[in-house]
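First comes the structure, then the notes that go with it.
As the structure lists them, so they are numbered: ligands from 1, and atoms in each ligand from 1.
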Amino acid sequence: MKLRVVYPGSFDPIHNGHLDIIQRCADHFSQVHIAILQNEEKETLFSVAERLEMIQELVKGYPNCQVSSFQGLLVEYLDQVNANIIVRGLRAVSDFEYEFQMAMMNRHLRPGIETIFMVPAEEYTFVSSRLVKEVARLGGDVSRLVPPLVTEALKKKFRS
Ligand code: ADP
(Lines give C-alpha, C1' and ligand atoms only; values in the text may rest on other atoms or scores of the structure.)
Protein backbone atom coordinates (compact mmCIF):
# COMPACT_ATOMS: atom_id res chain seq x y z
CA MET A 1 0.00 0.00 0.00
CA LYS A 2 1.30 3.46 -0.91
CA LEU A 3 1.00 5.73 2.10
CA ARG A 4 1.68 9.42 1.68
CA VAL A 5 1.99 11.32 4.96
CA VAL A 6 2.45 14.91 6.03
CA TYR A 7 4.56 15.74 9.08
CA PRO A 8 3.72 19.35 9.92
CA GLY A 9 5.34 21.61 12.48
CA SER A 10 7.10 24.85 13.24
CA PHE A 11 10.55 23.22 13.36
CA ASP A 12 12.02 26.40 14.86
CA PRO A 13 14.59 24.87 14.83
CA ILE A 14 14.50 21.23 13.85
CA HIS A 15 16.02 18.99 16.54
CA ASN A 16 16.91 15.33 17.04
CA GLY A 17 13.41 14.44 18.28
CA HIS A 18 11.92 15.69 15.01
CA LEU A 19 14.60 13.88 13.02
CA ASP A 20 13.87 10.66 14.89
CA ILE A 21 10.22 10.90 13.80
CA ILE A 22 11.22 11.77 10.22
CA GLN A 23 13.51 8.73 10.10
CA ARG A 24 10.67 6.48 11.32
CA CYS A 25 8.31 7.96 8.72
CA ALA A 26 10.88 7.51 5.95
CA ASP A 27 11.25 3.85 6.97
CA HIS A 28 7.53 3.08 7.00
CA PHE A 29 5.78 5.32 4.47
CA SER A 30 6.24 5.70 0.74
CA GLN A 31 6.18 9.50 0.68
CA VAL A 32 6.84 11.93 3.54
CA HIS A 33 6.03 15.62 3.21
CA ILE A 34 7.67 17.67 5.92
CA ALA A 35 5.56 20.82 6.07
CA ILE A 36 6.80 23.95 7.80
CA LEU A 37 3.95 26.02 9.14
CA GLN A 38 4.18 29.65 8.11
CA ASN A 39 2.35 31.44 10.89
CA GLU A 40 2.52 35.23 10.79
CA GLU A 41 1.19 35.48 14.33
CA LYS A 42 3.96 33.37 15.83
CA GLU A 43 7.35 35.00 16.24
CA THR A 44 10.10 32.61 15.24
CA LEU A 45 13.87 32.61 15.64
CA PHE A 46 14.51 31.25 12.14
CA SER A 47 12.76 32.47 9.01
CA VAL A 48 10.81 29.98 6.91
CA ALA A 49 13.59 30.11 4.29
CA GLU A 50 16.24 29.31 6.92
CA ARG A 51 14.21 26.41 8.33
CA LEU A 52 13.52 25.08 4.86
CA GLU A 53 17.20 25.17 3.94
CA MET A 54 18.28 23.41 7.14
CA ILE A 55 15.69 20.64 6.86
CA GLN A 56 16.38 20.12 3.15
CA GLU A 57 20.04 19.65 3.92
CA LEU A 58 19.28 17.20 6.75
CA VAL A 59 16.91 14.98 4.73
CA LYS A 60 18.76 15.06 1.43
CA GLY A 61 19.76 11.41 1.94
CA TYR A 62 16.11 10.31 2.12
CA PRO A 63 14.68 9.96 -1.39
CA ASN A 64 11.09 9.68 -0.13
CA CYS A 65 11.13 12.90 1.95
CA GLN A 66 10.40 16.37 0.69
CA VAL A 67 10.20 19.67 2.49
CA SER A 68 7.95 22.65 1.88
CA SER A 69 6.14 25.35 3.78
CA PHE A 70 2.44 26.11 3.99
CA GLN A 71 0.10 28.82 5.20
CA GLY A 72 -3.47 28.40 6.29
CA LEU A 73 -5.29 25.19 6.96
CA LEU A 74 -3.28 22.00 7.20
CA VAL A 75 -6.12 20.00 5.63
CA GLU A 76 -5.88 22.20 2.53
CA TYR A 77 -2.17 21.49 2.31
CA LEU A 78 -2.98 17.76 2.49
CA ASP A 79 -5.41 18.21 -0.41
CA GLN A 80 -2.68 19.94 -2.42
CA VAL A 81 -0.15 17.14 -1.98
CA ASN A 82 -2.78 14.45 -2.24
CA ALA A 83 -2.13 12.97 1.21
CA ASN A 84 -4.62 11.85 3.83
CA ILE A 85 -2.46 11.04 6.83
CA ILE A 86 -1.03 13.56 9.30
CA VAL A 87 1.86 12.41 11.49
CA ARG A 88 2.45 14.09 14.82
CA GLY A 89 5.03 13.31 17.46
CA LEU A 90 4.03 12.60 21.03
CA ARG A 91 6.55 13.13 23.79
CA ALA A 92 4.54 12.94 26.95
CA VAL A 93 0.99 13.00 28.24
CA SER A 94 1.25 16.80 28.28
CA ASP A 95 1.30 16.83 24.44
CA PHE A 96 -1.81 14.69 24.28
CA GLU A 97 -4.60 17.13 25.00
CA TYR A 98 -3.62 19.67 22.36
CA GLU A 99 -2.81 16.99 19.81
CA PHE A 100 -6.12 15.24 20.44
CA GLN A 101 -8.05 18.48 19.86
CA MET A 102 -6.13 19.18 16.66
CA ALA A 103 -6.74 15.66 15.37
CA MET A 104 -10.47 15.93 16.06
CA MET A 105 -10.67 19.38 14.45
CA ASN A 106 -8.85 18.18 11.34
CA ARG A 107 -11.21 15.20 11.13
CA HIS A 108 -14.15 17.58 11.53
CA LEU A 109 -12.82 19.64 8.60
CA ARG A 110 -11.96 16.59 6.43
CA PRO A 111 -13.56 13.31 7.58
CA GLY A 112 -11.25 11.22 5.40
CA ILE A 113 -8.07 12.42 7.06
CA GLU A 114 -6.39 10.38 9.78
CA THR A 115 -3.87 11.61 12.35
CA ILE A 116 -1.34 9.13 13.62
CA PHE A 117 1.03 9.64 16.51
CA MET A 118 4.59 8.42 16.73
CA VAL A 119 6.89 8.41 19.72
CA PRO A 120 10.60 9.15 19.48
CA ALA A 121 13.47 7.23 21.05
CA GLU A 122 13.47 7.67 24.81
CA GLU A 123 16.46 10.01 24.84
CA TYR A 124 14.53 12.63 22.84
CA THR A 125 11.32 12.68 24.85
CA PHE A 126 12.40 15.80 26.75
CA VAL A 127 13.63 17.75 23.72
CA SER A 128 11.64 20.70 22.42
CA SER A 129 12.54 23.58 20.09
CA ARG A 130 11.60 26.02 22.83
CA LEU A 131 14.06 24.56 25.34
CA VAL A 132 16.79 24.14 22.74
CA LYS A 133 16.53 27.86 21.92
CA GLU A 134 16.47 28.84 25.57
CA VAL A 135 19.57 26.79 26.43
CA ALA A 136 21.44 27.96 23.31
CA ARG A 137 20.56 31.59 24.04
CA LEU A 138 22.09 31.24 27.50
CA GLY A 139 25.25 29.67 26.06
CA GLY A 140 24.50 26.05 27.06
CA ASP A 141 25.57 23.01 25.05
CA VAL A 142 22.83 21.71 22.74
CA SER A 143 25.11 19.67 20.50
CA ARG A 144 23.58 16.33 21.56
CA LEU A 145 20.04 17.58 20.98
CA VAL A 146 20.33 19.05 17.48
CA PRO A 147 22.37 18.20 14.39
CA PRO A 148 25.68 20.09 13.95
CA LEU A 149 24.34 22.48 11.32
CA VAL A 150 21.62 23.59 13.72
CA THR A 151 24.15 24.04 16.54
CA GLU A 152 26.11 26.35 14.23
CA ALA A 153 23.01 28.24 13.11
CA LEU A 154 21.99 28.79 16.75
CA LYS A 155 25.46 30.06 17.63
CA LYS A 156 25.31 32.51 14.74
CA LYS A 157 21.87 33.76 15.71
CA PHE A 158 22.76 34.35 19.31
CA ARG A 159 26.12 35.96 18.49
CA SER A 160 24.45 38.57 16.33
P1 ADP B 1 4.24 22.65 16.50
O2 ADP B 1 4.39 24.12 16.67
O3 ADP B 1 3.33 22.24 15.39
O4 ADP B 1 4.00 21.85 17.76
P5 ADP B 1 6.94 21.63 16.58
O6 ADP B 1 8.01 21.98 15.61
O7 ADP B 1 7.14 22.02 17.99
O8 ADP B 1 5.65 22.24 15.93
O9 ADP B 1 6.65 20.08 16.54
C10 ADP B 1 6.27 19.44 15.35
C11 ADP B 1 5.81 18.04 15.70
O12 ADP B 1 6.90 17.30 16.24
C13 ADP B 1 4.71 17.98 16.75
O14 ADP B 1 3.87 16.87 16.46
C15 ADP B 1 5.45 17.73 18.04
O16 ADP B 1 4.65 17.07 18.99
C17 ADP B 1 6.56 16.82 17.52
N18 ADP B 1 7.73 16.87 18.39
C19 ADP B 1 8.32 17.93 18.94
N20 ADP B 1 9.36 17.57 19.70
C21 ADP B 1 9.44 16.23 19.63
C22 ADP B 1 10.29 15.24 20.20
N23 ADP B 1 11.25 15.56 21.06
N24 ADP B 1 10.08 13.97 19.90
C25 ADP B 1 9.07 13.63 19.06
N26 ADP B 1 8.21 14.48 18.50
C27 ADP B 1 8.39 15.77 18.77
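Under a 4.0 Å criterion applied to the non-hydrogen atoms of Lys42, ligand 1 contributes the atoms 2 (O). Residue-ligand proximity, Ile21 to ligand 1, at heavy-atom distances under 4.0 Å covers atoms 25 (C), 26 (N).
Taking the six-membered ring where tryptophan is involved, the planes of Phe96 and Phe117 are tilted, since the angle between them lies from 30° to 60°. Ring geometry, His15 versus His18: the interplanar angle falls under 30°, so the pair is classed parallel (tilted spans 30 to 60°).
Around the CZ atom of Phe100, the shell of radius 6.0 Å holds no more than 12 heavy atoms that belong to other residues, nucleotides or ligands.
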> Going through the checks in order, is the side chain to side chain contact (heavy atoms under 4.5 Å, CB included) test met by Val67 and Phe11?
Replying inline: CA-CA 11 Å; Val67 194; Phe11 306 110; over 6 Å; no
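Of the possible donor and acceptor atoms, one in the side chain of Asn64 sits under 3.5 Å from a partner among the backbone N and O of Phe29.
With atom 2 (O) of ligand 1 as the reference point, the heavy atom nearest to it among Ser10, Pro8, Ala92 is part of Ser10. Within the set Glu99, Met118, Arg88, Arg91, the minimum heavy-atom distance to atom 27 (C) of ligand 1 is found for Arg91.
By the 3.5 Å distance cut-off applied to N or O atoms, Thr125 is not counted among the residues near ligand 1. Backbone and side-chain nitrogen or oxygen atoms of Leu90 are examined, and none is located within less than 3.5 angstrom of a nitrogen or oxygen of ligand 1. Of the polar atoms of Phe11, at least one N or O is found under 3.5 Å from an N or O of ligand 1, judged by distance alone. Among the atoms of Ser128, none of the N or O lies under 3.5 angstrom from an N or O of ligand 1.
The nearest heavy-atom contact from the protein to atom 14 (O) of ligand 1 is Gly89 N, 2.9 Å. Scanning the protein heavy atoms around atom 9 (O) of ligand 1, the nearest turns out to be His18 NE2, 3.4 Å. Protein heavy atom nearest atom 25 (C) of ligand 1, with residue, atom name and distance: Pro120 CG, 3.4 Å. With hydrogens left out, the protein atom closest to atom 12 (O) of ligand 1 is Tyr7 OH, 2.7 Å, a heavy atom.
A salt bridge links Glu50 and Lys157; the closest N-O separation between the charged side-chain nitrogens and carboxylate oxygens is under 4.0 Å. With respect to the salt-bridge test (charged N to carboxylate O, under 4.0 angstrom), the residues Arg110 and Asp79 qualify.
Closest of all the heavy-atom pairs between Arg51 and Phe46 is NE-O, 3.0 Å.
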